[in-house]
Number of protein chains: 2
Amino acid sequence: MPVLNPSARPVPLSPTLAINEAIAHKRREGKPVLALGFGEAGIPIHPALTRELAGAADRGAYGPVAGSAALREAAAGYWGRRGLPTDPDLVVCGPGSKPLLFALMTALGGEIAIPAPSWVSYAAQAAITGAGAVPVATPPGEGGVPNPALLADAVVRARAAGRAIRAVVVTLPDNPTGTLASEGTVRRLCAVAREHDLVIISDEIYRDLLHDPARAVPSPAAFAPERTVVTTALSKSLAAGGWRLGVARLPEGRFGRELRDGLLGIASELWSSAPAPMQHAAAYAFGEPSELVGHIDRSRRLHAAVTGAVARRFAEAGARVREPEAAFYVYPDFAPLRDHLREAHGVRTGAELCTLLLDRYGVGVLPASAFGEPADALRMRVATSLLYGDTDEQRLTALADADPVSLPWIASGLNRLTEVLADLKAASGHTLAPALAG
Amino acid sequence: MPVLNPSARPVPLSPTLAINEAIAHKRREGKPVLALGFGEAGIPIHPALTRELAGAADRGAYGPVAGSAALREAAAGYWGRRGLPTDPDLVVCGPGSKPLLFALMTALGGEIAIPAPSWVSYAAQAAITGAGAVPVATPPGEGGVPNPALLADAVVRARAAGRAIRAVVVTLPDNPTGTLASEGTVRRLCAVAREHDLVIISDEIYRDLLHDPARAVPSPAAFAPERTVVTTALSKSLAAGGWRLGVARLPEGRFGRELRDGLLGIASELWSSAPAPMQHAAAYAFGEPSELVGHIDRSRRLHAAVTGAVARRFAEAGARVREPEAAFYVYPDFAPLRDHLREAHGVRTGAELCTLLLDRYGVGVLPASAFGEPADALRMRVATSLLYGDTDEQRLTALADADPVSLPWIASGLNRLTEVLADLKAASGHTLAPALAG
């Protein structure tokens, strides 16, 4: 019988998607769950966006690999309004930013430096290209950007060993930590990239979900425009992950044009084009009509309120946790409870802690190790967005409410979380019935 | 400045998509074109399918990597009705069959044997995985299936050289030749695959466009079910290429389950899931409601009528050409005119012949070399489907007409083709004004 690729380790299901499916499975079995694992925005698609997609449902032609002119112009305008003037010819669309990132890594070749921790798929994609990723720790409180001095060290060490790091990924704002690196750190990273001739891939999919809308996102495209690729998508701020629509903004100048040709070649052989009806809806979205801008404002406020409340619950339980600054993620650290967790629950690793939370309490979160951190780190990513409701009616109510954490279903989820964390702190860990919340 | 991947040749734009864009460019410049290059089905999306997509436009969640249960069950039913009973758990959906094929090659590892000629993307995808493709000539008149004896030789030679061919791709019916291999050839290929432990990837995207609907498609999944993957999509029979929706049917048994896990891991890191609204519409389509079955019947008749007429025009001009059996492709060979083409036009290669046709006459076709044939082969792939009309009204009229080749716009395209081919045969090649037809 045939066997799978003997020369490569099989790629396991992406942890974020795996936890989503594990929780859906538990739910189908009628078990109570608190779904905090998956990075889905947890709000309904805005009706204006649905209307645009429905109106373009008869578009069956492939269209250009780079995407329609209307979409590329709209995306250029979107970036232009954020201080990044953009040539529409340097915009490339794809079926999500995930395949765009993979195609970029493939076109660039060589190893990719990534932040540690960072989104699960950067390292997995770099492994699939065959080149691999080099994790570089981020400065404290500045998730998403490798410490520039450590990055320089890593590049030099790799070169001394005959390997080439050719690009560095940054996430602004960050998933999994929900923080935003400072402009100073980003500028220092750009200087290192310039010195060592690295391409910067700046994943800015959470840009519009920075909780303080007055705060600026320091994009490396502003400081190193000749070498920075920016990616974004409809998946997070507009909650259209299932639509599969992303865009990349390539660097200016000769290298940017070469990279565009390389990227389009790979795109043409990997996916042909992004779905045509979604391209039409995305052109509308990137035009930023006021109804969508208001919708994103409301979702940003909802994310801020609930992540703040979740962070406080973890802090009250004794975990170390920063105030979330962006998106719908909290990244608590149970290091202060390490001895207790070992003694009361036999838990020594983050994965064991998350398995305990899922199996005993139905709480689905992802361990730091899924994001490239050491196995014994007791940190975890908590995605808050599936707390917003089980129905679109609940989610829309949460979006509109000035104090969403007081809504009964959100309060209930938060209270269940408090109970679980309290039980975890109790000596034996067996005092709480496993099936309280629905 | 950074440079592109120095260790790999850049991937050029896929030739089929490149000719599509070149022709669109000429058309925008107001130049007359006869677009015969791109494998788009050339008919409007059926209104029932549009209605299903529009009705699912509010689906923004990612959903399972493998695809929705409804879609997997519908696809299983589709294959079941074609003599291939299918477990829905062994169906995996993706954003087109193109990314599914790439992910399969990545999961399998090793070199891939492909038919020569074959669809442009098999070899390009195998190159992107890093392993590469081994072209194996097809038997005369049986495009899409490598000659089984030559395949066995290639596997043995590769092993002797320390390389491993781990899979073989077949296309049933075939693109670019528009022919269908015989059951005997497919059975012999299956025997070779079993003897040498190869996985068979059977691209059956044109299955429902076999011109004689009474004829059976000999799928290797029927003869070697333990090692055959079948792929198909909505792109050709339902003309929804721009929707990006494909499905794969994995082998039965232990290997099939392992391959499913491997494929899902790669899919989860490359594209997350196929677009959710399209999954809903695809579930409807694979259910084969009578309105869509009738639509596919009509499109099959249209393809048969026009490919037949186009083949006759080439034959009348002195090219060698088989009667097309499937899809919307004709694959004429100008070998009988080789001396004349060299003397009158300085043409020695298929690429030169196609460039002459495009530059002088605005006729866009793809040379055999794009499909892996030798540079001096004077064959070309002629895609007929963009002759059906410039508007949806024309295309729908063509679909409904009992004698579509008599419709003025189709007759005009065919007559322009006859003129061009006659001019090509004329001594100097300069007798025909370049800008006759629109």
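Here the structure is a predicted model, which means the values were calculated and not measured. Naming: A, B, ... by sequence-line order, numbering from 1 per chain.
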In terms of heavy-atom proximity below 4.5 Å to chain A, should B/Ala239 be classed as side chain, backbone, both, or neither? backbone

Tell me which of these, A/Pro47, A/Gly55, A/Ala193, A/Gly60, has more heavy-atom pairs under 4.5 Å with chain B than the rest. A/Gly60

Exam field: side chain A/Glu269 to backbone B/Val11, donor-acceptor pair closer than 3.5 Å: no

B/Ala167, part contacting chain A, at a heavy-atom distance under 4.5 Å: neither

Using non-hydrogen atoms and a 4.5 Å limit, figure out which bit of A/Pro99 sits close to chain B: side chain, backbone, both or neither. both

For the residue pair B/Pro277 and A/Gly242, what are the closest heavy atoms and their distance? CD-O, 3.9 Å

If you tally heavy-atom pairs under 4.5 Å against chain B, which of A/Ala54, A/Ala131, A/Gly241 wins? A/Gly241

Counting only heavy atoms closer than 4.5 Å, note whether B/Asp58 contacts chain A via side chain, backbone, both or neither. both

Closest contact, heavy atoms only, A/Val65 versus B/Glu21: N-OE2, 2.9 Å

Counting C-beta onward and ignoring hydrogens, is there a side-chain heavy-atom pair between A/Trp271 and B/Phe102 closer than 4.5 Å? no

Are any side-chain N or O atoms of B/Ser268 and backbone N or O atoms of A/Leu13, one a donor and one an acceptor, separated by less than 3.5 Å? no

When heavy-atom pairs shorter than 4.5 Å are enumerated against chain B, which of A/Ala240, A/Pro251, A/Ala61, A/Ala164 gives the highest number? A/Ala61

Can you tell me how far apart NZ (B/Lys98) and CG (A/Leu270) are? Round to the nearest 0.5 Å. 8.5 Å

Select, from A/His46, A/Arg51, A/Glu226, the one with the greatest count of heavy-atom pairs under 4.5 Å involving chain B. A/Glu226

Counting only non-hydrogen atoms closer than 4.5 Å, does A/Ala18 touch chain B with its backbone (N, CA, C, O), its side chain (CB onward), both, or neither? neither

Which one wins on heavy-atom pair count under 4.5 Å against chain A: B/Asp261, B/Ile128, B/Val199, B/Asn20? B/Ile128

Are side-chain heavy atoms of B/Pro95 and A/Arg244 found at a separation under 4.5 Å? no

Please classify the contact between B/Pro2 and chain A as side chain, backbone, both or neither, with a heavy-atom cut-off of under 4.5 Å. both

Do you know which of B/Pro12, B/Gly262, B/Gly96, B/Ala107 has the most heavy-atom pairs under 4.5 Å to chain A? B/Ala107

With side chains defined as the heavy atoms from C-beta onward, is the minimum distance between B/Trp243 and A/Arg59 less than 4.5 Å? no

